[in-house]
A.B. asks: 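A single structure is presented below for examination.
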Protein chains: 2
Amino acid sequence: MTEHGTRVYSPRERMVFSAAQLIRRDGVGATGMRDVAAHADAPRGSLQHYFPGGKEQLVGEAVTWAGNYAARRVTRNLAALPADDRRPSRLFAALISQWTEECLATDFAFGCPVAAVTVDCADTTDSARTAAAQAFDCWRRPLAAALTELGVPQARGASLATLMVSTLEGALLIARAERDTHALTTVSAELGPLLDAAVM
Amino acid sequence: MTEHGTRVYSPRERMVFSAAQLIRRDGVGATGMRDVAAHADAPRGSLQHYFPGGKEQLVGEAVTWAGNYAARRVTRNLAALPADDRRPSRLFAALISQWTEECLATDFAFGCPVAAVTVDCADTTDSARTAAAQAFDCWRRPLAAALTELGVPQARGASLATLMVSTLEGALLIARAERDTHALTTVSAELGPLLDAAVM
DNA sequence: CCATTATTATGACGGTGGTCATAGAGGTGC
DNA sequence: GCACCTCTATGACCACCGTCATAATAATGG
C-alpha cells in the first residue's frame, strides 16, 4: 500500500489515505472522523482546517484517491507483463492476483473503497456518488486503453473494461464474505479466454 | 418486490423485509432500528421481542432472506425461459434485465443487500459476514443447477455461476454509482457468448 | 520584531443510535 | 376470575459522532 518510495506525506495526504483505508475496511458509516485522524497520526484539529466540507469532502477525496490508485495499478501491471506473452487474460490475471494477495495478507479485512462508498452513499450523498462514478471511470479508462494496446479493437475495449471491473468488484465482494479467494481465481480463469478471444 | 400473492405478513416478517430494503438502500450503518420498525409499520417494542439478538440478528435475517429471494428469482427466471430458446445467455440476460428494471423504476435507489452487509460488516460482525456468505451460496447454487439443466457440464456450472454472480454484483454497483444501466447491459451482452459456449 | 497566516488543541453542543427496564394490553386456558 | 404467555408501549441511559467555537501555537514574510 505504501509503495511510493520514501517520500514523506503531509498530514492532509495521510488523512485522505487513512480515510480510504478505514472506509474500505469498515464502510463509510462506521468510519468516524476522529478515527481517521488517529489512524493518520494527524491532529484532530486539522480535520476542519483541511476539510472544511466535513466528512462529505473527506469521503469524496478518499474515493477519488482510490480511483487514481486503481488506475495506476492498471498501467503498472500492463507494463510489467512479460514481453513474450502479452495477452489480455494476463493483465486480468495480474490484477486479480494482486487483490488476492491483498486479501490473504490482510485476512480479508479490506475491500474496495469505491464499492463501500457506493453502497453507503449512493442514495444519500450525491457528491460521494459522483466521486465514485468518476473513480470507476478513472479505473476503466486505462484498462480500455491497455486492451487496445494488447490488440483488442477499440469498440470492444471499452465494453470489456467494464466487464473486467464489474467482475473483479463482484468477485472481491464474494471473496470477502466467504473469506476465501476461490471466487477471485475462478473469475480470473473463466474470463481469460473471452478476453483473449477479442484480440484481433 | 411484494410479489407473493396477497398473503398478509406478520410484523416480524415485515421487519425483516423492511430491514433488507433499508439496508440495500442506505447501508447497514445508516439503517436504524427505529427506521426499520417505522418502515414496516410495526411497533417499536416488537423489535426486542422478536429480535433479542438486537441489530446483529436483524441484519443476519435480512441478508438470509435476501439470499433466498435471489435464489427464487433464479428458478423463476429459468422456468420463464421460452421453450424454443433456452440458452444460458438468456437466463443471465433475464436476471440482468430484472435488476435493470428495478434500477430504473427506483431511480437507482436500491442495491443488493448482501453486498451492503458484506461491505459494512465483513470485518466487524462475523455473524453477518457468515450470513452474507451463505446468501451468496444460496444464490449461486440454483444458478449452477440451472446451467447444468441448460446443458453446461457440472464442473463448469459451478464456476460459471460464480462468474455470473460476481459480474452481476459488480455491474450493479457501477450502475448505481453512475446512475446509468449501461454497465448492466454491457456485461449481459459480453458474457452471453461465453456462457452459451459452455453448453455441450 | 511584528503582523499575518497556517496549523493545531480542546472542549462543548446537539443529535442519534442501540439497548435496556419497566409496565401496560391482549388473548388463552383452566 | 386468575394465572400465564405473547406482544406492545414508552421512556431513559449511555456512548458516539459530526460539527462548531475558541484559543493557542508555529511558521512565514516583510
Side-chain angles (χ1 to χ4, degrees), chain A residues 8-63 113 116-117 119-121 123-129 131, chain B residues 8-63 113 116-117 119-121 123-129 131:
Chain A
V8 178
Y9 291 93
S10 73
R12 192 181 197 283
E13 287 172 299
R14 292 205 310 273
M15 285 195 274
V16 173
F17 176 80
S18 289
Q21 293 294 106
L22 295 181
I23 285 172
R24 82 198 190 107
R25 193 186 62 188
D26 303 323
V28 176
T31 298
M33 304 260 110
R34 292 166 172 87
D35 303 340
V36 172
H39 183 275
D41 254 327
R44 211 193 82 193
S46 300
L47 276 171
Q48 73 180 281
H49 184 253
Y50 290 118
F51 307 96
K55 188 173 187 177
E56 190 172 334
Q57 180 185 357
L58 182 56
V59 170
E61 295 202 23
V63 75
V117 170
V119 161
D120 282 337
C121 309
D123 196 53
T124 52
T125 315
D126 205 65
S127 70
R129 201 218 78 235
Chain B
V8 179
Y9 291 93
S10 73
R12 193 182 196 283
E13 287 172 298
R14 292 204 311 272
M15 285 195 274
V16 173
F17 175 80
S18 289
Q21 295 292 108
L22 295 181
I23 285 171
R24 81 197 190 105
R25 193 186 62 187
D26 304 323
V28 176
T31 298
M33 305 258 105
R34 294 166 171 86
D35 303 341
V36 172
H39 183 275
D41 255 325
R44 212 193 77 187
S46 299
L47 276 171
Q48 72 180 284
H49 184 252
Y50 288 117
F51 308 97
K55 189 174 187 177
E56 189 172 335
Q57 181 185 356
L58 182 54
V59 170
E61 295 203 24
V63 75
V117 171
V119 161
D120 282 337
C121 309
D123 196 54
T124 52
T125 315
D126 205 64
S127 70
R129 200 219 79 234

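First the proteins, then the strands, lettered A, B, ... as listed; each starts at 1.
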A.B. asks: Using the side-chain contact (heavy atoms from CB on, under 4.5 Å) criterion, which residues pair with Asp126(A)? Sequence neighbours excluded.
C.D. replies: Arg129(A), Thr130(A)

A.B. asks: Is there a donor-acceptor pair closer than 3.5 Å between any side-chain N or O of Arg25(A) and the backbone N or O of Asp123(B)?
C.D. replies: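 No; judged by distance alone, with no hydrogens or angles, the pair does not exist.
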
A.B. asks: Name each donor-acceptor pair under 3.5 Å that joins a side chain in residues 52-63 of chain A to protein atoms two or more places apart or in another chain, with its distance.
C.D. replies:
{"residue": "Lys55(A)", "atom": "NZ", "partner": "Val28(A)", "partner atom": "O", "Å": "3.1"}
{"residue": "Lys55(A)", "atom": "NZ", "partner": "Thr31(A)", "partner atom": "O", "Å": "2.9"}
{"residue": "Glu56(A)", "atom": "OE2", "partner": "Ser127(A)", "partner atom": "OG", "Å": "2.7"}
{"residue": "Gln57(A)", "atom": "OE1", "partner": "Gly53(A)", "partner atom": "N", "Å": "2.7"}
{"residue": "Gln57(A)", "atom": "NE2", "partner": "Glu61(A)", "partner atom": "OE2", "Å": "3.1"}
{"residue": "Glu61(A)", "atom": "OE1", "partner": "Arg12(A)", "partner atom": "NH1", "Å": "2.9"}
{"residue": "Glu61(A)", "atom": "OE2", "partner": "Arg12(A)", "partner atom": "NH2", "Å": "2.9"}

A.B. asks: Nucleotides 20-27 of chain D: which of its N/O atoms have a protein N/O under 3.5 Å away?
C.D. replies:
{"residue": "dA21(D)", "atom": "N6", "partner": "Gln48(A)", "partner atom": "NE2", "Å": "2.6"}

A.B. asks: Can you give me the closest heavy-atom contact between Met15(A) and Ala42(A), atom names plus distance?
C.D. replies: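 So the two residues come closest at CG-CB, 3.7 Å.
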
A.B. asks: Measure from CG on Leu22(A) to P on dC17(D) and round the result to the nearest Å.
C.D. replies: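 It works out to 12 Å between those atoms.
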
A.B. asks: Applying side chain to side chain donor-acceptor pair (under 3.5 Å), can you list everything that pairs with Thr124(A), at least two apart in sequence or on another chain?
C.D. replies: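 In terms of side chain to side chain donor-acceptor pair (under 3.5 Å), with neighbours along the sequence ignored, Thr124(A) is linked to no residue.
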
A.B. asks: Sequence neighbours excluded, which residues qualify as side chain to side chain donor-acceptor pair (under 3.5 Å) partners of His39(A)?
C.D. replies: Ser18(A)

A.B. asks: In this structure, how many angstroms lie between the P atom of dT19(C) and the NZ atom of Lys55(B), rounded?
C.D. replies: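 In whole Å, dT19(C) P and Lys55(B) NZ are 8 Å from each other.
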
A.B. asks: Show the nearest heavy-atom pair for residues Leu47(A) and Ala37(A), with the distance to one decimal.
C.D. replies: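 Shortest heavy-atom contact: CD1-CB, 4.1 Å.
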
A.B. asks: Quick check on dT8(C): is either OP1 or OP2 less than 4.0 Å from any side-chain nitrogen or oxygen of Ser46(A)?
C.D. replies: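 Yes, such a contact exists.
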
A.B. asks: To the nearest angstrom, how far is Leu47(B) atom CG from dC7(D) atom P?
C.D. replies: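 Answer to the nearest Å: 14 Å.
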
A.B. asks: Does the side chain of His49(B) get closer than 4.0 angstrom to OP1 or OP2 of dT8(D) through an N or O atom?
C.D. replies: no

A.B. asks: Nearest nucleotide by nearest heavy atom, which residue falls closer to the 5' end of DNA chain D, Ala42(B) or Gly29(A)?
C.D. replies: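 Its nearest nucleotide lies further toward 5', so the answer is Ala42(B).
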
A.B. asks: Please state how far atom CD in Glu13(B) lies from atom C1' in dC7(D), giving the value in whole angstrom units.
C.D. replies: 16 Å

A.B. asks: Where along residues 32-39 of chain B does a heavy atom fall under 4.0 Å from DNA chain C?
C.D. replies: Gly32(B), Met33(B), Arg34(B)

